[in-house]
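One-based numbering, in listed order, for ligands and for the atoms of each.
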Amino acid sequence: MLERFGHGGDLLTAQELYGLEASRYVDFSANMNPLGPPPCVAGLLRSYADAIGRYPDPASRRLLRKLSQVHGIDERCLIPGNGAAELIELTVRLFAPSVTVIAAPSFAEYADAARKAGSRIAAMRLRRENGFALTPELARQSLEKLRAEGVRQGEALWLLGSPNNPTGRLCDPAIVRWLTAQGERVVVDEAFMDFIPEEGRFSVLRDAAADERIVVIRSMTKFYAIPGIRLGYAAAAPETIGRLKALQTPWSVNSLAQQIGEAVLEDEGFRSRTLRWLAEERGRLAEGLKAPGFEVFDGAANYLLFSIPAGSGFTASSLQRRLGAGGVLIRDASRFEELDESFCRVAVRLRRDNERLLEELEAALKSHAEERQRSGRDERKP
Ligand SMILES: Cc1ncc(COP(=O)(O)O)c(C=O)c1O
């Protein structure tokens, strides 16, 4: 299974499973921006040799200054981290909730972080018929259920993805604000928010700076395609940031990550090119998937969740194997809670890669249909 270690983008496992050299795969299983990394990254890598013998700035000051300018919030409301993954864990540890409310399906690390912190998990089941959206009704019902179970105001932590992974659905900021108005604490993982053109309408990052009940977590690894260096940040009220810093491992953000983070945030052109590419390619890929009968759950992010039609002869795992053998990697999304074995997730990539994916998928469906016809004919033979 490609998700042997729980995540997509594992090219070494692909090599072990399907036999091709790791570099020969077209990878739709991790949601990376195919336009990246931005050009400045190569230059920084070449000049990094001098910096490697020195400790990183323990306070990531230049990166923080840049982030503060980009988001228009005080530096005291920001903390950089070793990827969003570190900050998810730190935040749950900090709040040490007795219960963590998590939408299902969503990113597996939320439940893992809750478990590591000894928290019980309350699953909020997203409904297929609502396109897996988190509705105000579902949030209200989940809160009522907590209260009925005796969980008092402020004891639980709500850990929500916006856009959510694997659905790509945005969380309406009104739901977050309603929850905090009820006295609840909410962490919003906005790891993919940079991909949303109307980010200002959907992000609650500025709310987090002003409200002690909200923490927003951002990743820089997806949008800037730098997962190997690990970089993310969180926004929260200064007091919460201070407590997160006290929990964080010293020099958690290495100097290369700090330099790259600062430089890529300067690249406005990269940002607009990315949004243009995504606006064209997501719709096109979604239509391409719908044509042979896949049900596509239209999200807002740089990936698509889809379901394989019944009778196609494939499950997510057999389709993943079939495509993997030909050098195309997709995510078996049946491993996300609440999704059955028909669910897959693919990243949106460049046009030629997306077309290759569609061709491989069509070929897989066709070969199964032909096989069925053949065996039908054989059965009819005397
Ligand atoms: C929803 C979500 N949040 C956070 C992360 C972790 O991001 P990072 O690479 O910044 O640790 C991922 C990685 O896949 C993700 O899908």
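Ligand-side atoms of ligand 1 in range of T221: 8 (P), 9 (O), 10 (O), range being under 4.0 angstrom from any heavy atom. Close approach of ligand 1 to D189 (heavy-atom distance below 4.0 Å) involves ligand atoms 1 (C), 2 (C), 3 (N), 4 (C). Within the listing of ligand 1, atoms 8 (P), 9 (O), 11 (O) sit less than 4.0 angstrom from a heavy atom of R230. Taking every heavy atom of A191 and a limit of under 4.0 angstrom, the matching atoms of ligand 1 come to 2 (C), 3 (N), 4 (C). Close contacts of ligand 1 with K222, meaning ligand atoms under 4.0 Å from a residue heavy atom, involve 5 (C), 7 (O), 12 (C), 13 (C), 14 (O), 15 (C).
With no hydrogens or angles considered, no side-chain donor-acceptor pair links T135 and N130 at under 3.5 Å. Side-chain contact annotation: Q258 with E262, donor-acceptor N/O pair under 3.5 Å absent.
Remark: distances from the non-hydrogen atoms of Y110 to ligand 1 include one below 4.0 Å.
For N82, no nitrogen or oxygen atom sits less than 3.5 Å from a nitrogen or oxygen atom of ligand 1, counting backbone and side chain alike. Residue contacts with ligand 1: F192 is placed with no nitrogen or oxygen under 3.5 Å of a nitrogen or oxygen of the ligand (distance criterion only). Distances between N or O atoms of F107 and those of ligand 1 include no value under 3.5 Å.
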Side chains of residues 77-95: which donor-acceptor pairs under 3.5 Å do they make with residues two or more places apart or in other chains?
from: N82; atom 1: ND2; to: S252; atom 2: O; distance (Å): 2.8
from: E86; atom 1: OE1; to: N82; atom 2: N; distance (Å): 2.7
from: E86; atom 1: OE1; to: Q248; atom 2: NE2; distance (Å): 3.2
from: E86; atom 1: OE1; to: S252; atom 2: OG; distance (Å): 2.8
from: E86; atom 1: OE2; to: S252; atom 2: OG; distance (Å): 2.9
from: E89; atom 1: OE2; to: K116; atom 2: NZ; distance (Å): 2.5
from: T91; atom 1: OG1; to: L87; atom 2: O; distance (Å): 2.5

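For K290, the NZ atom is densely surrounded, since the number of other residues' heavy atoms within 6.0 Å is greater than 12.
Relative ring orientation between H71 and Y233 is described as tilted, the plane-to-plane angle lying within the 30° to 60° band. Using cut-offs of 30° and 60° for the angle between ring planes, the F107 and H7 rings count as tilted. The aromatic rings of F343 and F132 sit perpendicular, their planes meeting at an angle over 60°, well past the 30° parallel limit.
Nearest protein heavy-atom neighbour of atom 16 (O) of ligand 1: N165 ND2, 2.8 Å.
Using a 4.0 Å cut-off between a side-chain N of Lys or Arg and a carboxylate O of Asp or Glu, E144 and R140 qualify as a salt bridge.
For the residues A108, G232, A85, P227, the heavy atom positioned nearest atom 6 (C) of ligand 1 is part of A85.
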